[in-house]
Asker: 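Got a structure for you, written out below as structure tokens; questions coming shortly.
A, B, ... follow the sequence lines: proteins, then strands. Residue 1 opens every chain. This one's a predicted model, so the numbers in the text were calculated from it and none came from an experiment.
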Amino acid sequence: MPHVSLITIIEIVAILVGAFSGFIEARRKRMDLVGVFTVAFITAFGGGTLRDILLDKRPLFWVQHQEYAILIFVLALIASPLIRTLRQIVSERLIVIADAIGLGLFAVAGVSQAQAAHMPVFIASMMGVITGIFGGVLRDIVCNEVPMVFRDGKPYAICAFFGCWLYILLMKTDVPDDFALWASATFITLLRLLTWKFDMRIGRH
Amino acid sequence: MPHVSLITIIEIVAILVGAFSGFIEARRKRMDLVGVFTVAFITAFGGGTLRDILLDKRPLFWVQHQEYAILIFVLALIASPLIRTLRQIVSERLIVIADAIGLGLFAVAGVSQAQAAHMPVFIASMMGVITGIFGGVLRDIVCNEVPMVFRDGKPYAICAFFGCWLYILLMKTDVPDDFALWASATFITLLRLLTWKFDMRIGRH
Amino acid sequence: MPHVSLITIIEIVAILVGAFSGFIEARRKRMDLVGVFTVAFITAFGGGTLRDILLDKRPLFWVQHQEYAILIFVLALIASPLIRTLRQIVSERLIVIADAIGLGLFAVAGVSQAQAAHMPVFIASMMGVITGIFGGVLRDIVCNEVPMVFRDGKPYAICAFFGCWLYILLMKTDVPDDFALWASATFITLLRLLTWKFDMRIGRH
């Protein structure tokens with residue numbers, strides 16, 4: 001089934017991007033293996049876990065799919081050479097693209113699950129944004145930093161927010177659910193890449 | 001129904017005071033719109049949300065009442081001019097009074113819900129204090145500060161603690177439940193204002 | 001029943017060790033009574049509470065046993081003289097031993113509850129480690145520090161991890177459940193003391 005495979009591949013890419021962002025931040029803080037694994041894990045799964053706790057949904061995604069935890073664990077064991085190698089063969093552009101794909105996927109997964117749980121629409125859009133950004137927020141809190149996404153003025157959460165509303169609106173029309181999902185996730189990814197390309201900022205208060 | 005209206009007005013005031021405290025702290029940290037909204041939201045609803053997660057109570061208050069989330073969102077959009085204006089027309093005294101009302105209301109809401117969930121009495125009093133203070137605690141953690149309420153030596157949590165015990169004791173007598181609620185909330189507010197007026201301190205360790 | 005008594009005594013020791021570690025850290029941050037109690041409480045119960053939230057298990061241990069919360073509250077009132085006295089009569093060696101016992105007990109309690117909740121084995125081992133170390137992690141986050149267990153390079157979480165796997169393997173054999181529990185907890189404690197004695201390190205990344 002190529003459809004399932006595509007989702008699985010995108011899912012793994014999104015999780016790996018989260019994990020690598022955690023590896024890099026944990027290394028910058030000179031953490032040991034335990035810290036590198038934990039921070040990577042929190043970055044990859046923190047947003048979805050917070051959403052599921054707020055919605056009281058169990059089992060958690062990573063509890064059902066222990067293969068992802070094991071994958072991050074194995075990668076954490078080789079994090080140092082891995083990051084060095086990746087930095088040589090992977091451009092910053094590719095990391096931003098992969099991260100934008102992850103943002104779209106996570107946010108739309110969040111808003112769709114909140115809608116399925118009959119949340120009011122504004123709360124559902126918040127759940128989408130939380131799923132998209134709170135992995136990074138929790139990573140920064142554990143690393144003793146003010147969360148980057150709250151202070152860099154880049155429209156990251158805002159791209160997720162608009163895309164969640166696109167999803168909510170599409171679900172009120174006759175379009176198939178699958179189309180609403182993919183169109184919204186793609187919209188978030190493209191909007192994120194566009195704002196990155198033109199280095200747009202939202203006003204700092 | 002004037003009774004319901006009064007509770008609703010007090011509730012809105014308490015939430016707004018929490019949100020403004022978040023606005024001010026987020027601005028001090030030079031956060032952008034996303035940070036300003038999130039920190040305000042966490043300050044206003046963090047305590048009650050933590051209590052509900054610990055008690056496993058759903059749906060969360062703000063999930064049921066999305067109008068509060070929308071209100072904070074709209075205010076976050078105009079946070080900068082709003083804070084400037086409020087600083088000119090609202091005295092510090094008024095902010096402290098509003099905050100003391102919020103503390104009383106939140107703490108009593110917390111202890112009463114914990115009692116309704118058949119928690120043991122000491123745990124119920126802790127749940128009241130958590131509801132009253134953890135919005136500010138989570139705000140400070142997200143803003144990368146040691147929580148103010150843990151270190152300023154001012155009897156803030158302690159006022160909530162005594163008021164929660166007053167509520168627990170009153171509920172063991174024949175007084176109507178409503179009286180116990182309002183008397184305890186008023187007691188916390190007055191005790192907080194009294195300790196503020198006379199600048200009392202608890203011993204620092 | 002001497003068996004129950006032994007568990008209760010070890011449990012109290014483990015909780016007290018967590019609380020004292022919280023007292024010491026809160027004092028170092030010059031916190032007041034509210035901070036000292038809260039940080040001690042979080043250190044003692046944070047790991048188990050996080051595990052129970054992730055597993056959606058209620059009531060929480062400390063909600064069912066309010067005597068432990070009251071005990072920490074009373075000790076917090078006398079934390080300063082208590083710490084001074086203990087420093088004179090208790091050697092660092094004794095604190096490390098008590099802490100190692102606590103690590104073993106908490107980790108094995110975590111993995112066994114996760115197994116009872118039918119978690120996959122790798123997730124169960126993670127739950128054991130979370131129960132053993134996240135009290136200290138949350139303590140450090142509240143105290144605005146990068147968590148010590150993520151950066152000191154000492155094999156603390158790793159001892160818990162290996163012991164959890166020993167428990168998982170023993171439970172697949174015919175040995176009695178009680179033996180698996182005690183053997184694994186003892187293994188963690190001894191392994192922790194051995195790595196402490198020889199000042200072993202895991203590689204920093």
Asker: Is the shortest side-chain heavy-atom distance between T49(A) and L54(C) below 4.5 Å?
Answerer: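 A side-chain contact under 4.5 Å exists here.
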Asker: A side-chain contact here means heavy atoms from C-beta on lying under 4.5 Å apart; do Q64(A) and I123(C) qualify?
Answerer: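 They are not in side-chain contact.
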Asker: Looking at V34(A), L60(A), D52(A), which has the largest count of heavy-atom pairs under 4.5 Å with chain C?
Answerer: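 Ranked by heavy-atom pairs under 4.5 Å with chain C, first place is V34(A).
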Asker: Within the 4.5 Å heavy-atom criterion, are V142(A) and F150(C) side-chain neighbours or not?
Answerer: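 Yes, side chains in contact.
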Asker: Taking side chain as everything from C-beta outward and backbone as N, CA, C, O, which of these in F37(A) sits under 4.5 Å from a heavy atom of chain C? Side chain, backbone, both or neither.
Answerer: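 The answer is the side chain of F37(A).
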Asker: Answer yes or no: are there more than 12 heavy-atom neighbours, outside M171(A) itself, under 6.0 Å from its atom CE?
Answerer: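 For M171(A), atom CE is crowded (more than 12 foreign heavy atoms under 6.0 Å).
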Asker: Any heavy-atom pair between the side chains of D32(A) and V149(C) that's under 4.5 Å?
Answerer: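 When only atoms from C-beta onward are counted, D32(A) and V149(C) do not touch, as no gap falls below 4.5 Å.
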Asker: For the residue pair F73(A) and F161(C), is the inter-centroid distance of their aromatic rings smaller than 6.0 Å?
Answerer: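 Close enough - the centres of the two rings lie under 6.0 Å apart.
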Asker: Can you tell which part of I70(A) gets under 4.5 Å to a heavy atom of chain C, answering side chain, backbone, both or neither?
Answerer: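 For I70(A), heavy atoms of backbone and side chain both lie under 4.5 Å from chain C.
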Asker: Is it the backbone or the side chain of V129(C) that comes under 4.5 Å from a heavy atom of chain A, or both, or neither?
Answerer: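 Nothing of V129(C), per the 4.5 Å heavy-atom cut-off to chain A.
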Asker: Checking I53(C) against chain A: side chain, backbone, both or neither under 4.5 Å from a heavy atom?
Answerer: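 Contact with chain A is through both the backbone and side chain of I53(C).
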Asker: If you measure from OG1 on T38(A) to CD1 on I133(C), what distance do you get to the nearest 0.5 Å?
Answerer: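 Nearest 0.5 Å value for the OG1-CD1 distance: 5.5 Å.
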Asker: State, with a plain yes or no, whether a side-chain heavy atom of V63(A) is found less than 4.5 Å away from one of L55(C).
Answerer: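 The answer is no; the side chains never approach within 4.5 Å.
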Asker: Report yes if some heavy atom in the side chain of F41(A) is under 4.5 Å from a heavy atom in the side chain of M126(C); otherwise report no.
Answerer: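 Answer yes - side chains close enough.
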Asker: Any side-chain heavy atom of C143(A) sitting closer than 4.5 Å to one from V146(C)?
Answerer: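 Contact flag for C143(A)/V146(C) side chains = no.
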Asker: What are the two closest non-hydrogen atoms of M127(C) and W62(A), and how far apart are they?
Answerer: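 In terms of heavy atoms, the two residues are closest at CE-CH2, 3.8 Å.
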Asker: What distance do R151(C) atom CZ and R30(A) atom CZ have between them, rounded to the nearest 0.5 Å?
Answerer: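 Answer rounded to 0.5 Å: 12.0 Å.
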Asker: Step through the shown structure and confirm whether more than 12 heavy atoms of other residues, nucleotides or ligands are within 6.0 Å of CZ on R58(C).
Answerer: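 Counting other residues, nucleotides and ligands, CZ of R58(C) exceeds 12 neighbours.
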Asker: So which of I141(A), D56(A), I83(A) has the biggest tally of heavy-atom pairs under 4.5 Å with chain C?
Answerer: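 It is D56(A).
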Asker: Other residues, nucleotides and ligands only: do more than 12 of their heavy atoms fall within 6.0 Å of CZ on F162(C)?
Answerer: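 Not buried by this count: 12 neighbours or fewer within 6.0 Å.
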